[in-house]
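Working notes, beginning with the structure itself.
Residue numbering restarts at 1 for every chain, and letters A, B, ... go by the order of the sequence lines. Nothing here was measured: the structure is a model prediction, and the numbers come from that model.
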Number of protein chains: 2
Amino acid sequence: MSNYQNDQIKHFADVFKALSNPNRLRMFLHLATCCVPGTVGSFDAEAGVSACVGDLGRDLQIVPSTVSHHIKELHRAGLIRMERRGQKIECWVDPVILRDLARFFEEPLAK
Amino acid sequence: MSNYQNDQIKHFADVFKALSNPNRLRMFLHLATCCVPGTVGSFDAEAGVSACVGDLGRDLQIVPSTVSHHIKELHRAGLIRMERRGQKIECWVDPVILRDLARFFEEPLAK
DNA sequence: CATATATTTCGATACATGTCGAACTATCAA
DNA sequence: TTGATAGTTCGACATGTATCGAAATATATG
């Protein structure tokens, strides 16, 4: 049986809900593959390699207010971090969440 | 940037949607931790170690029709497999999907 | 200050979801 | 064949979600 407690289940369900919208999943992947601090040459706002809200909406065919809404959801679920830098708001993924999620699916196999 | 194509994104979004409901996630974890063929001593319907629809609904406080609905969603998303055995319908998790999902979150870190 | 850029908030709308209960189908066993 | 057990299907209802556009806020710059 699963070892997860009720709160953890609800937390992960919430995380998966945040990733259940294709546009939101695209944004998350964009950040996860470009903007994870610790990943080689990926997070460097000075060098322009991180992503701001506007970057994430580009190529996505949705208006800024919708992008903002989606980013709020990702942030609420604890999937991304944000910090204002001048006019822009930089977003990135904490690698810890990626490891947690990978382990979530690996654990049942490891038993 | 992400290497996933549109169809793959939609597929994963669909998988996460299936896992975004706490009750459904509980059912999936139940199966993933007890009923994965290949996992030591876990999948043996004869020995009564697999789970049928009724087993999955027990302890969950929802009526059978709702359980059935949730299982259909998990199946539709490709997360579980089902097979009738007499009156009962046995469910289990294909370990391949667990590996795919683990890799989905590991990949960005490995780069 | 006035204007431009970046983002958020709000209200509206159309659509999807979770749950229930009642009625139905499938299988087994007497 | 009758009844019991296991699941599914259907319709209803309340709630949640994705998206838009308009208006508001924050920051930088002339």
*Expressed in angstrom and rounded to an integer, what is the separation of A:R58 atom CZ from C:dA6 atom C1'?*
11 Å

*Starting at CG of A:D14 and ending at P of D:dG16, how long is that distance when rounded to a whole Å?*
13 Å

Please tabulate, one pair per line, all N/O donor-acceptor pairs under 3.5 Å involving side-chain atoms of residues 8-21 of chain B, not counting sequence neighbours.
| residue | atom | partner | partner atom | Å |
| --- | --- | --- | --- | --- |
| B:Q8 | OE1 | B:Q5 | N | 3.1 |
| B:D14 | OD2 | B:R76 | NH1 | 3.2 |
| B:S20 | OG | B:K17 | O | 2.7 |
| B:N21 | OD1 | B:N23 | N | 3.0 |
| B:N21 | OD1 | B:R24 | N | 3.1 |

*asked:* Is there a side-chain contact between B:L98 and B:F28 in this structure, where contact means two heavy atoms from C-beta onward sitting under 4.5 Å apart?
replied: yes

*Would you please indicate if the ring centroids of A:F105 and B:F104 are separated by under 6.0 Å?*
no

*For A:M27 and D:dT19, what is the distance between atoms CE and C1' respectively, to the nearest whole Å?*
12 Å

_Residues that B:D7 engages under side-chain hydrogen bond (donor to acceptor under 3.5 Å, both in side chains), provided they are two or more places apart_ = none

*Does A:K72 make a side-chain N or O approach to OP1 or OP2 of C:dT7 shorter than 4.0 Å?*
no

*Figure out the CD1/C1' separation between A:I71 and C:dT9, and round it to whole Å.*
15 Å

*Using whole Å, report how far CD1 of A:I89 lies from P of D:dA28.*
12 Å

*Side-chain contact test, heavy atoms from C-beta onward, threshold under 4.5 Å: evaluate it for A:M27 versus A:V67 and give yes or no.*
yes

*A:L31: which of A:I71, A:V93, A:L79 passes side chain to side chain contact (heavy atoms under 4.5 Å, CB included)*: A:V93

*Within this structure, what is the CD-to-P distance between A:E90 and D:dT27, rounded to whole angstrom?*
15 Å

*Nearest-angstrom distance from the residue atom NE2 of A:H75 to P of C:dT8*: 11 Å

*Could you encode protein contacts along nucleotides 18-30 of chain C as a string, one character per nucleotide from 5' to 3', using B for base contact, S for sugar-phosphate-only contact and - for no contact, with a heavy-atom cut-off of under 4.0 Å?*
SBBBB---SBS--

